[in-house]
Amino acid sequence: MESESLNSGKGMSSPYTLQVNQSGPTEFVFQVFSTSPRIQALLFCFFLLLYMMILCGNTAIIWAVFTHSSLHTPMYFFLSNLSFLEICYTTTLVPLMLSNIFGSQNPITLAGCGIQMFFFVTLGGTDCFLLAVMAYDRYVAICHPLHYTLIMTQKLCVQMVGGSLILALFLALHLTSLVFTLPFCGHLRVIKHFFCDVPPVLRLACADTHIPQAVVYVVSIILLTIPFLLICITYVFITNSILHIRSSEGRQRAFSTCSSHLTVVLIQYGCCSLVYFRPPSSTTEEEDRMLALVYTFVTPLLNPIIYTLRNKDVKNALKKVVSMNR
C-alpha cells in the first residue's frame, strides 16, 4: 500500500507527520486542536475546568436528591439518574481527549475505539430516552395530578430507566458491531475528531459505507427523532393543561418546572441532529467537532445549573448540604 501522511488535515506541522504503511494491527490517533504549545495549554486548562465543573455540579445534584427525603420523588429520581449519566458520558470521552490535547497523539487500538464508541452511543442514547421519560413524568404531574402517585410508582420509574438503558445498549451494540466489521486500511489512521464518534470513523473505512450510513440514520431516528416527537406531543398536552389553570401563580410554577427540561432538550437534540442527520457530503470534520463540544461539555454542564437555578427545592437542599459541611 502507498504511504499516506498522518497530516491529511490542514494546519498540521511536520513534527506530527507519520506514515501508515507500517505493519501491525490497525490503530487510530485523534487530530490535535492546535500545534501551538500556548494554545494547547490554554485548551487543556479550559476543558479540564469544564470537566471538573461537570463532575462537581452533577455529583451535587445526586447527593442532594439521595440525602433529602423531600426530593425522593419521581422527578428528582430521574434528575439524579440524568446527572449520573452525564458524569459517565463525559468521563468516557474527556480524559482521553485531555491526554491527547498536547499533540502527543497516543494511538488508540481498534478495540479501544470500538469500546469508546459503544459506551458513547449507549450513554448518549439512554440520555435521550431519559429526557423523554422526564417529559412523561411532567405530563402526568400536570395533566393528571390526582393520579400522579398511583401512576408514577417507584417500580414504574425503575422500569423506565432500566428500559431506556437496555434499548440504548441494544442499538449501540448493533451499530458499533456494524461499524467495526468494516476494513480500515493502513496501520495508523487519523480520526479528525477528539473521540471515536460514528461519522468520523466511518469516513476512514476503505469500503462501501452506504449500508452502515443507512443504519446510522435509522439508529439516529430511534434515538433522536422518536423521543423528540414524543416530548413535543407530551408538551402539547402539558401546555393545554397549563393554560386551563386559573391561578396565574400556578401557571407560572408549572411553566417553570417545564422550562428547565425544555432548555436541555433543545440543546441536546438540536446539536445531535445537526451531526447525525446531515448528509456526509454537506458536513466538514471541523463543524462536527465543534458541535460535538457542545453536547460533550455544554449540555452536561448546563443540566445542574439550569435545574438548580430554576428549582427552589434543589437549591434549598444544596444549601442544607453546604451548611452541614461547615
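The figures that follow rest on heavy atoms only: side chains count, while hydrogens, waters and symmetry mates do not.
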Donor-acceptor pair between His144 and Tyr139 side chains, under 3.5 angstrom: yes
Under the side chain to side chain contact (heavy atoms under 4.5 Å, CB included) test, which residues partner [X], sequence neighbours left out?
X      : answer
Ser241 : Ile142, Cys143
Phe66  : Ile62, Ser80
Val236 : none
Leu178 : Thr181, Pro212, Val215

side-chain hydrogen bond (donor to acceptor under 3.5 Å, both in side chains) partners of residues 146-172, not counting sequence neighbours, each pair once: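 Only Asp137-Tyr148 qualify under side-chain hydrogen bond (donor to acceptor under 3.5 Å, both in side chains).
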Strictly by side-chain hydrogen bond (donor to acceptor under 3.5 Å, both in side chains), give each pair with a member in residues 121-130 just once, sequence neighbours left out.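 Qualifying pairs, neighbours excluded: none.
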Tell me whether the count of non-hydrogen atoms from other residues, nucleotides or ligands lying under 6.0 Å of CD1 in Ile226 goes above 12. yes
With sequence neighbours excluded, residues passing ring-ring contact (aromatic ring centres under 6.0 Å, His included) with [X]:
X      : answer
Phe84  : none
Phe228 : Tyr269
Tyr89  : Phe120
Phe47  : Phe33, Phe297

Contacts of Thr299 that satisfy side chain to side chain donor-acceptor pair (under 3.5 Å) - sequence neighbours left out: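 Partners of Thr299 under the side chain to side chain donor-acceptor pair (under 3.5 Å) test: none.
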His72: partners by side chain to side chain donor-acceptor pair (under 3.5 Å), with sequence neighbours left out: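 Result, side chain to side chain donor-acceptor pair (under 3.5 Å) vs His72: none returned.
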Check whether Leu229 and Leu130 end up in the same hydrophobic cluster, where Ile, Leu, Val, Met, Phe, Trp and Tyr are linked by side-chain heavy atoms less than 4.5 Å apart. no
